[in-house]
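Quick caveat: nothing in here was measured; it's all calculated off a predicted structure. Every chain is numbered from 1, with letters handed out A, B, ... down the list of sequences.
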2 protein chains.
Amino acid sequence: MREVAALAGVSLKTVSRVINAEPGVSAELATRVSAAIERLDYRHNLQASSLRRVDGKSATIGVILEDIANPFSSTLHRAIENVAVKRGVLVLAGSLEEDAARERELVSAFASRRVDGLVIMPASHDHSYLLNERKAGTALVFVDRPPSFLDADTVLTDNLGGARRGIQHLLAHGHRRIAYVGDLQSIVTAALRYQGYREELDAHHLPLDPDLVRLDLRGTEPAEAETTKLLALRPAPTAIFAAQNLLTIGVFRALRRLGLHHKVALVGFDDFLLADLLDPGITVIAQDPAAMGTAAAELLFSRLDGDRSPTVHRIIPTRLIARGSGEIGP
Amino acid sequence: MREVAALAGVSLKTVSRVINAEPGVSAELATRVSAAIERLDYRHNLQASSLRRVDGKSATIGVILEDIANPFSSTLHRAIENVAVKRGVLVLAGSLEEDAARERELVSAFASRRVDGLVIMPASHDHSYLLNERKAGTALVFVDRPPSFLDADTVLTDNLGGARRGIQHLLAHGHRRIAYVGDLQSIVTAALRYQGYREELDAHHLPLDPDLVRLDLRGTEPAEAETTKLLALRPAPTAIFAAQNLLTIGVFRALRRLGLHHKVALVGFDDFLLADLLDPGITVIAQDPAAMGTAAAELLFSRLDGDRSPTVHRIIPTRLIARGSGEIGP
DNA sequence: TGCTATTTTGACAACGTTGTCATCCCGGCA
DNA sequence: TGCCGGGATGACAACGTTGTCAAAATAGCA
């Protein structure tokens with residue numbers, strides 16, 4: 001910057017004014033400075049700038065996700081990026097892999113870099129440690145899962161309602177023995193989906209058969225194995241509700257292997273690519289990660305713009321997409 | 001930091017020494033400082049730190065990808081993150097969407113934030129503008145696509161060899177009329193794959209039938225439409241090589257709609273989730289985005305560690321995964 | 001013309017940290 | 001006892017920028 005000022009024959013401050021488009025610089029000097037910037041290929045140092053600035057904004061936000069490579073997370077990430085781009089804000093991202101310690105590390109690493117805000121899909125179960133960040137002026141928005149011991153803006157999927165909708169769909173097609181294949185109950189969203197299952201059965205005065213419930217499964221393989229066992233029961237379930245992406249795929253694999261994919265109904269929670277190309281197409285309760293990301297980013301930026309209203313809790317609705325597997329009768 | 005120093009009753013410099021684990025601080029003072037840091041919940045300001053430091057490292061790298069939500073890009077992104085995490089380096093990411101102007105914007109935004117290095121999957125066709133970044137000490141690695149007018153480290157898929165391998169596979173199964181469905185020829189990788197198709201036909205002394213070649217298609221729908229037209233030809237192709245992910249899906253959709261998915265052979269370039277669950281399973285030439293990301297990140301960090309050897313060009317091999325669709329005879 | 005009001009410009013300090021160098025203290029040795 | 005060496009500690013400047021405020025230039029008006 002010193003070189004630019006020297007070349008343009010002005011003071012440092014005037015260069016700073018031109019860069020930040022502050023008013024009160026004559027047109028002549030402004031063009032001279034711009035030319036010098038161009039000629040020297042000068043790059044503004046945002047770190048030094050935000051160090052001195054009174055608001056200390058770094059024009060950078062942090063995003064903490066379960067796994068940036070998983071489609072749900074990466075779609076969410078992209079939606080956040082889309083909102084951020086419009087404001088010239090850059091996005092730092094990190095993956096958690098259900099590791100609560102990593103969550104704190106990432107928050108700390110982001111805090112060191114003075115991000116303006118954080119979007120968090122949490123893995124830990126105590127977020128009181130974030131109070132200090134907030135006190136330091138960092139905006140916080142939780143997505144997909146709510147915070148614990150901390151009141152903060154959240155954007156969640158309608159897990160309970162979505163699960164109920166799925167079960168209701170199977171009930172409407174005449175099923176009475178509906179198995180439930182679910183993820184780790186320690187994950188709040190998984191617990192809510194299971195609650196939806198129970199509530200919907202209850203609303204129809206149907207008993208809950210513990211034999212038909214398989215919880216705490218992670219990934220396709222356990223789901224495939226448990227499904228095989230479920231289908232060996234007598235009487236066997238006539239329909240299966242898979243409460244997560246990979247579980248749905250595991251269940252489908254088992255059904256196909258047993259030649260039951262046109263006999264046993266299947267509804268999955270969370271859509272996945274190519275679900276429509278399978279035979280039968282898989283009926284799902286689709287979440288909307290893009291809408292969640294957009295909502296989270298907009299919430300975050302409205303806070304950064306100074307919105308001090310009470311915390312907001314947005315629920316993004318789910319959508320039932322019927323593709324065949326959920327419409328098989330008992 | 002001033003407060004910490006005051007509370008611990010030491011100078012600023014001593015606090016700095018403790019934070020950076022510099023030698024020559026007595027154990028007693030070190031614990032006193034650590035306690036003060038803990039008590040005040042002090043956060044080190046990396047921006048100020050890297051401003052003053054002689055090497056100016058920000059412990060942050062930038063990654064520029066086609067679209068952080070697309071599985072290829074996000075797997076690559078994740079692999080880079082995995083390497084970066086081990087060094088306490090954070091990753092900024094941005095999406096290009098084939099927009100050359102956006103590429104320059106992102107580079108400039110990253111440069112303002114003084115990233116230590118950049119991994120780029122480029123969209124533009126002139127990278128001489130990056131010379132200045134490199135002069136400023138930013139390490140550069142290109143992935144998936146090579147730079148133009150700039151000599152820099154690259155990590156590429158073996159596009160030409162992979163395509164040849166796919167065509168060879170179809171030839172080995174007796175096919176002679178093999179259609180080619182390809183992406184924008186302005187994308188270097190797409191052009192190389194098409195070259196592989198021609199070379200392999202040529203190696204077998206087979207003529208190239210222009211009617212069987214459909215180029216510059218983007219996404220599933222154009223691929224589906226062109227496939228429909230291809231299959232209406234007389235004589236029709238007995239096999240189709242789809243040179244990209246989404247194109248493969250489009251081709252498969254068309255085959256299924258026409259009831260030809262067990263009659264016409266299909267080999268796709270680039271693997272995709274659930275390709276094995278379709279009927280028939282889709283035979284693909286799989287790229288290895290995780291290996292590419294890892295290689296790119298390791299290359300980048302070795303440069304940051306001071307490796308000044310000549311530029312490296314790594315080619316990541318592809319792998320043919322036979323799943324059924326490519327083994328259908330003519 | 002002489003004065004004030006307004007705009008343009010620049011000098012300087014400050015942001016939070018680290019590099020440099022000087023000072024202090026202690027033990028060891030002649 | 002006096003001196004020296006070496007480790008611990010701190011004072012101060014500097015990194016690249018912007019906020020503050022004063023000075024200079026210009027415009028407006030009687």
Side-chain angles (χ1 to χ4, degrees), chain A residues 1-34 36-37 40-60 88 108-116 136-138, chain B residues 1-34 36-37 40-60 88 108-116 136-138:
Chain A
M1 186 152 133
R2 248 205 305 269
E3 292 175 39
V4 173
L7 180 63
V10 298
S11 75
L12 279 177
K13 181 65 216 189
T14 301
V15 177
S16 167
R17 274 192 262 261
V18 172
I19 290 166
N20 294 294
E22 283 176 40
V25 179
S26 68
E28 192 218 327
L29 280 197
T31 53
R32 230 160 68 204
V33 169
S34 301
I37 287 175
L40 296 173
D41 195 58
Y42 161 82
R43 290 301 153 85
H44 188 217
N45 187 332
L46 225 82
Q47 305 197 120
S49 163
S50 87
L51 181 61
R52 185 58 179 94
R53 282 197 130 89
V54 67
D55 63 357
K57 290 278 186 288
S58 61
T60 307
S108 170
F110 286 156
S112 285
R113 286 161 183 82
R114 296 295 187 270
V115 294
D116 301 334
T138 312
Chain B
M1 186 152 132
R2 249 206 303 270
E3 292 175 39
V4 173
L7 180 61
V10 298
S11 75
L12 278 177
K13 182 64 216 189
T14 301
V15 177
S16 168
R17 275 192 260 261
V18 173
I19 290 166
N20 294 295
E22 283 175 40
V25 179
S26 70
E28 191 218 326
L29 279 197
T31 52
R32 229 160 69 202
V33 169
S34 300
I37 287 175
L40 294 174
D41 195 59
Y42 161 81
R43 290 301 153 84
H44 188 218
N45 186 333
L46 226 83
Q47 305 198 119
S49 164
S50 87
L51 181 61
R52 184 60 179 92
R53 282 196 129 89
V54 66
D55 64 357
K57 289 280 185 289
S58 61
T60 307
S108 169
F110 286 156
S112 287
R113 286 161 183 82
R114 295 298 187 266
V115 293
D116 301 334
T138 311

Kindly indicate whether the side chain of [X], heavy atoms from C-beta on, has any atom under 4.5 Å from the side chain of [Y].
| X | Y | result |
| --- | --- | --- |
| A:F110 | A:T138 | no |
| B:V18 | B:L29 | no |
| A:Q47 | A:R114 | no |
| A:R113 | B:T60 | yes |

Inset, instruction - Tell me yes or no: between the side chains of A:S34 and A:T31, is some donor less than 3.5 Å from an acceptor? - result: no
Inset, instruction - List for me each residue that meets side chain to side chain donor-acceptor pair (under 3.5 Å) alongside A:D116, sequence neighbours excluded, and say none if there are none. - result: A:S58
Legend entry - Under the side chain to side chain donor-acceptor pair (under 3.5 Å) test, residues paired with B:R32 that sit two or more places apart: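 Listed in chain order: B:E28.
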Inset, instruction - Walking along DNA chain C from 5' to 3', note the first and the last nucleotide with an atom under 4.0 Å from a heavy atom of chain B, and give both. - result: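 The footprint of chain B covers C:dG16 to C:dT20.
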Considering non-hydrogen atoms only, spot the tightest contact between [X] and [Y] and give its length.
| X | Y | value |
| --- | --- | --- |
| A:V33 | A:V4 | O-CG1, 4.2 Å |
| B:R17 | B:V25 | CB-CG2, 3.7 Å |
| A:A5 | A:L12 | CB-N, 4.0 Å |

Legend entry - Within residues 43-52 of chain B, residues whose heavy atoms come under 4.0 Å of DNA chain D: B:L51, B:R52
Inset, instruction - Kindly say whether A:S108 contributes a backbone atom to a donor-acceptor pair with the side chain of A:S112 at under 3.5 angstrom? - result: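 Indeed, once roles are kept as given, a pair shorter than 3.5 Å links the two residues.
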Legend entry - A:N20 side-chain N/O to A:E22 backbone N/O, donor-acceptor pair under 3.5 Å: no
Can you pull every protein N or O that's under 3.5 Å from an N or O on nucleotides 4-11 of chain D?
| from | atom 1 | to | atom 2 | distance (Å) |
| --- | --- | --- | --- | --- |
| D:dT9 | OP1 | B:S26 | OG | 3.1 |
| D:dT9 | OP2 | B:S26 | N | 2.8 |
| D:dT9 | OP2 | B:S26 | OG | 3.3 |
| D:dG10 | OP2 | B:S11 | N | 3.1 |
| D:dG10 | OP2 | B:S11 | OG | 3.3 |
| D:dG10 | OP2 | B:T14 | OG1 | 2.5 |
| D:dG10 | N7 | B:R17 | NH2 | 2.5 |
| D:dG10 | O6 | B:R17 | NH2 | 3.4 |

Inset, instruction - Mind grabbing the angle between the end helix axes of the helix from C:dT1-D:dA30 to C:dA30-D:dT1? Five pairs an end, 10° rounding. - result: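 Answer rounded to 10°: the end axes differ by 60°.
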